[in-house]
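Source: prediction; values computed, not measured. Throughout, residue positions are numbered sequentially from 1 according to the sequence presented. All ligand and atom numbering here is 1-based and tracks the order in the structure.
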Amino acid sequence: MLSPEQVQAWQRDGYLVLPGFKPAAEVAAACARARAIVDAFEPDASTSRFSTQDRSKLADAALLASAETVRCFFEEEALDASGRLRVPKAESINKIGHALHDRDPVFIGFSHGPELDALARDLGLAQPQVWQSQLIFKQPRIGGVVDWHQDGSFFLTTPQTVTTFWFALEDATLANGCLWVKPGAQHDALREQYVCDHASGTLSMQPLDRTPWPTTEGSVPLPAAAGTLVVFGGQLPHYSAPNRSERSRLAYTLHATCGTAAYAPENWLQRSPAFPVRGFV
Ligand code: FE2
């Protein structure tokens, strides 16, 4: 799957950009399905608002309940003080998660196959296990910042193995909030861990290491045309800017760990025995 040069770049930089990984027809079908899920979604009082700047807002039952289902989450700026939508519903969604890859017919197809399996193995996942899928909307004008973080904070394994598969479903540019990474920083210590006390349903971010977060200085933006797959390791710091442009930036992500590593029981996302985690094929 990967050339020796690509494997070398992966080991050196901690990420790889693979343009044209998904054909245009598959990308179009995924976008259409994302719109259909939003169209069918009926917001109600229990709808969860999602703010990456205030992680305590994640600490609600809606997140935990989404582990095995398909659920919509709003943009922080989509609702006014009284909880009413300020923008049309279709422009108000921040993300949809977290079991699209095992529940939704279109995304089951998008998330599985021998190409992804071969790629995962080339990246070092001998026994890939796909825990999470997310449609991440960066809506025109109101799409929020996602601060610097490491995905390993949310999917701790021993040893650390979580790998992110980030698909551009629309062109991601500097103007609409593409990813930024710090090449080579995949060897940084894990700075924090998102810990769940499953008995009480309490979620909290625990500091682990004081290494400062990168800034855009010394980091690189990863503009990505629709169909591009960006892969990166769980300790690579990354960030994306707000979208103040008129163009939406839709992405789809998968998070996979290696089945030979121990998956932490305090990770928020757990699967019940009736709905076990599985691989790319
Ligand atoms: Fe991330």
Checklist line | Aromatic ring pairing Tyr263/Phe155, orientation class (parallel under 30°, perpendicular over 60°, tilted between) | finding: tilted
Notebook entry, point to check: How about the Fe ion (ligand 1), which protein N, O or S atoms come within less than 2.8 Å?
Noted result: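 Near the Fe ion (ligand 1), the protein supplies His149 NE2, Asp151 OD1, His238 NE2.
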Notebook entry, point to check: Between Gln270 and Pro265, is there a donor-acceptor pair closer than 3.5 Å when you use the side chain of the first and the backbone of the second?
Noted result: yes
Next item on the list: Please name the residue in the list Trp131, Phe275, Trp268 that meets the ring pair (Phe, Tyr, Trp, His ring centres under 6.0 Å) test with His98.
Entry: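 Among the candidates, only Trp268 passes.
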Next item on the list: Evaluate the side-chain hydrogen bond (donor to acceptor under 3.5 Å, both in side chains) criterion for residues Ser111 and Tyr252: first the C-alpha distance (whole Å), next the side-chain angles of each, then the deciding distance (0.1 Å), finally the verdict.
Entry: CA-CA 10 Å; Ser111 312; Tyr252 178 66; 2.7 Å; yes
Item checked: Any side-chain donor near an acceptor of the partner, Asp171 and Thr173, under 3.5 Å -> no
Next item on the list: State whether Arg141 and Glu91 are salt-bridged, where the test is any N-O pair (Lys NZ or Arg NE/NH1/NH2 against Asp/Glu carboxylate O) under 4.0 Å.
Entry: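 Between Glu91 and Arg141 there is a salt bridge, with a charged N closer than 4.0 Å to a carboxylate O.
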